[in-house]
A.B. asks: 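Let me begin by handing over the structure; questions about it come next.
In what follows, chains carry the letters A, B, and so on, assigned in the order in which the sequence lines appear, proteins first and then strands, with residues in each chain numbered from 1. No experiment lies behind these values; they were computed from the predicted model shown.
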2 protein chains.
Amino acid sequence: MKIIYVGDDMNSVETTIINTAITLFAKKGYAATSIRDIASSVDMKSASLYYYMKNKKDLLMLIMDRYLIQLISGAEAELSELNTASADEKLKGLIKYHVRSHGNEQLAALVVDTEYRSLEGNDRIQIKQLRKKYEKIWTNLLEEGESEGVFHFEDKHVSYFAIISLYTCVAHWYRNSGRLSVDEVADKYAILGSNMVLCNK
Amino acid sequence: MKIIYVGDDMNSVETTIINTAITLFAKKGYAATSIRDIASSVDMKSASLYYYMKNKKDLLMLIMDRYLIQLISGAEAELSELNTASADEKLKGLIKYHVRSHGNEQLAALVVDTEYRSLEGNDRIQIKQLRKKYEKIWTNLLEEGESEGVFHFEDKHVSYFAIISLYTCVAHWYRNSGRLSVDEVADKYAILGSNMVLCNK
DNA sequence: GTCTATACGTCGATAGAC
DNA sequence: GTCTATCGACGTATAGAC
């Protein structure tokens with residue numbers, strides 16, 4: 001499940017630049033990555049990049065915006081496919097989707113997760129809203145399960161943060177070269193998370 | 001439980017500079033924080049800071065090194081106090097200690113957690129070794145509990161990363177001004193984590 | 001589209017007065 | 001101890017040739 005953005009030409013220069021920026025931002029951080037770093041990684045001069053982008057800040061915004069919009073629409077699609085299932089099945093499905101997305105698009109997920117502090121003004125507000133929209137998908141599901149008597153948590157907010165942080169951190173430790181595939185990690189994690197909130201555990 | 005480093009004079013200029021650096025590194029990131037930023041926050045000129053430190057890189061190292069050494073020795077002390085307790089009690093104690101440390105020294109914990117990528121060469125190796133030493137405390141305890149038949153996990157590494165990431169992320173979301181005290185969060189989290197690996201759940 | 005050249009600010013760090 | 005002054009490197013971004 002490689003995420004393909006609508007309208008992307010995977011071989012275009014724009015896409016190469018964006019993917020290179022994602023790699024460098026994830027590895028060294030946005031502030032420590034210079035336009036010249038990105039340019040030399042794609043065998044161009046720094047001035048040439050400005051033909052494809054407005055400035056460095058907009059490049060970061062493009063990356064974060066795209067990933068979050070993709071993540072949200074994918075989560076909504078996943079839940080709508082499961083709309084007749086139990087809350088527990090929906091939670092497992094959502095966890096698997098989240099882990100797969102964070103595993104397959106690991107570098108972009110890392111940028112989204114670590115570079116929020118690099119945003120200012122309206123950019124920050126815009127990304128905050130997208131994050132809140134995604135969080136809402138999870139909290140709605142937890143509340144749905146609770147009102148159906150399927151889930152129980154001593155403290156809703158603590159459980160919510162526990163689940164969200166557990167699954168987001170996958171992007172920080174998962175290694176593609178490791179023992180487990182993304183799908184295997186997703187399956188194992190779905191059980192862990194379900195156990196955390198399920199009533200009859 | 002405010003962590004006091006041995007030999008610190010809490011009112012010294014050095015300490016003020018270090019605490020200011022921790023705050024700025026946590027908020028904006030190491031690369032995005034200039035020496036002039038730190039200096040103006042402590043009402044000095046940038047040149048004056050060099051009377052107290054060798055360079056910017058060493059300031060970051062000092063912060064990360066101190067926090068990790070403190071974290072490790074505190075965890076060891078916690079476990080040695082509990083050396084006659086069950087593995088489950090030890091795990092709960094370790095979780096509580098970790099959450100309290102990450103809650104009380106939140107900014108330093110964030111710097112340690114997010115600025116590893118800003119280190120190079122021997123600095124990186126040195127911090128990596130400290131992190132591994134701390135991780136070893138946790139994995140030893142999980143293995144001890146498993147061999148005693150108290151803990152069970154389908155996949156040791158996945159469970160280990162789940163627990164570690166769950167508890168480290170506390171530093172990312174905890175707000176001192178919020179509804180819960182650090183101790184309350186620590187207690188609630190200890191139950192969650194224990195449930196994840198306990199046999200008779 | 002990609003380049004060379006460059007403007008202009010800010011960076012980390014040092015020299016040396018007080 | 002703290003300052004002013006300054007160095008040289010490097011940052012983003014633009015102008016304009018090809």
A.B. asks: Whole angstroms only, please: what is the CD1-C1' distance between A:Ile38 and D:dG11?
C.D. replies: 12 Å

A.B. asks: For B:Met53 and C:dA13, give me the distance from atom CE to atom P, rounded to whole Å.
C.D. replies: 6 Å

A.B. asks: Would you mind listing every side-chain hydrogen bond (donor to acceptor under 3.5 Å, both in side chains) that reaches into residues 21-31 of chain A, with sequence neighbours excluded?
C.D. replies: A:Lys28-A:Asp37

A.B. asks: Without decimals, in angstroms, what is the distance between B:Asp43 CG and D:dG1 P?
C.D. replies: 18 Å

A.B. asks: Determine the sole option in B:Lys128, B:Lys57, B:Arg117, B:Lys56 for which the salt bridge (charged side-chain N to carboxylate O under 4.0 Å, His left out) test with B:Asp123 is passed.
C.D. replies: B:Lys57

A.B. asks: Just how far, in rounded Å, is P of C:dT2 from CG of A:Leu49?
C.D. replies: 10 Å

A.B. asks: Just to confirm, is there a sub-4.0 Å distance from OP1 or OP2 of C:dG1 to any side-chain nitrogen or oxygen of A:Ser48?
C.D. replies: no

A.B. asks: With the side chain of A:Tyr52 defined as its heavy atoms from C-beta on, choose the nearest nucleotide among C:dC11, C:dT2, C:dC3.
C.D. replies: C:dT2

A.B. asks: Does a side-chain N or O from A:Tyr51 land closer than 4.0 Å to OP1 or OP2 of C:dT2, or not?
C.D. replies: no

A.B. asks: Expressed as a whole number of angstroms, how long is the span from A:Asp37:CG to D:dA13:P?
C.D. replies: 14 Å

A.B. asks: May I have the distance from A:Leu59 (atom CG) to D:dA13 (atom P), rounded to whole angstrom?
C.D. replies: 10 Å

A.B. asks: How are the rings of B:His98 and B:Trp138 set relative to one another: parallel (under 30°), tilted (30 to 60°) or perpendicular (over 60°)?
C.D. replies: perpendicular

A.B. asks: Hey, which of these two, A:Lys45 or B:Tyr50, hits DNA chain C nearer its 5' end, going by closest nucleotide?
C.D. replies: A:Lys45

A.B. asks: Picking from D:dA5, C:dC11, C:dA13, which would you name as closest to the side chain of B:Asn55?
C.D. replies: C:dA13

A.B. asks: How many Å lie between CD1 on A:Ile35 and P on C:dT6, as a whole number?
C.D. replies: 21 Å

A.B. asks: Which word best sums up how the rings of B:Phe161 and A:Trp173 line up, parallel for under 30°, tilted for 30 to 60°, or perpendicular for over 60°?
C.D. replies: parallel

A.B. asks: By nearest atom, which of the nucleotides C:dC11, D:dT2, C:dG1 is closest to the B:Arg36 side chain?
C.D. replies: C:dC11

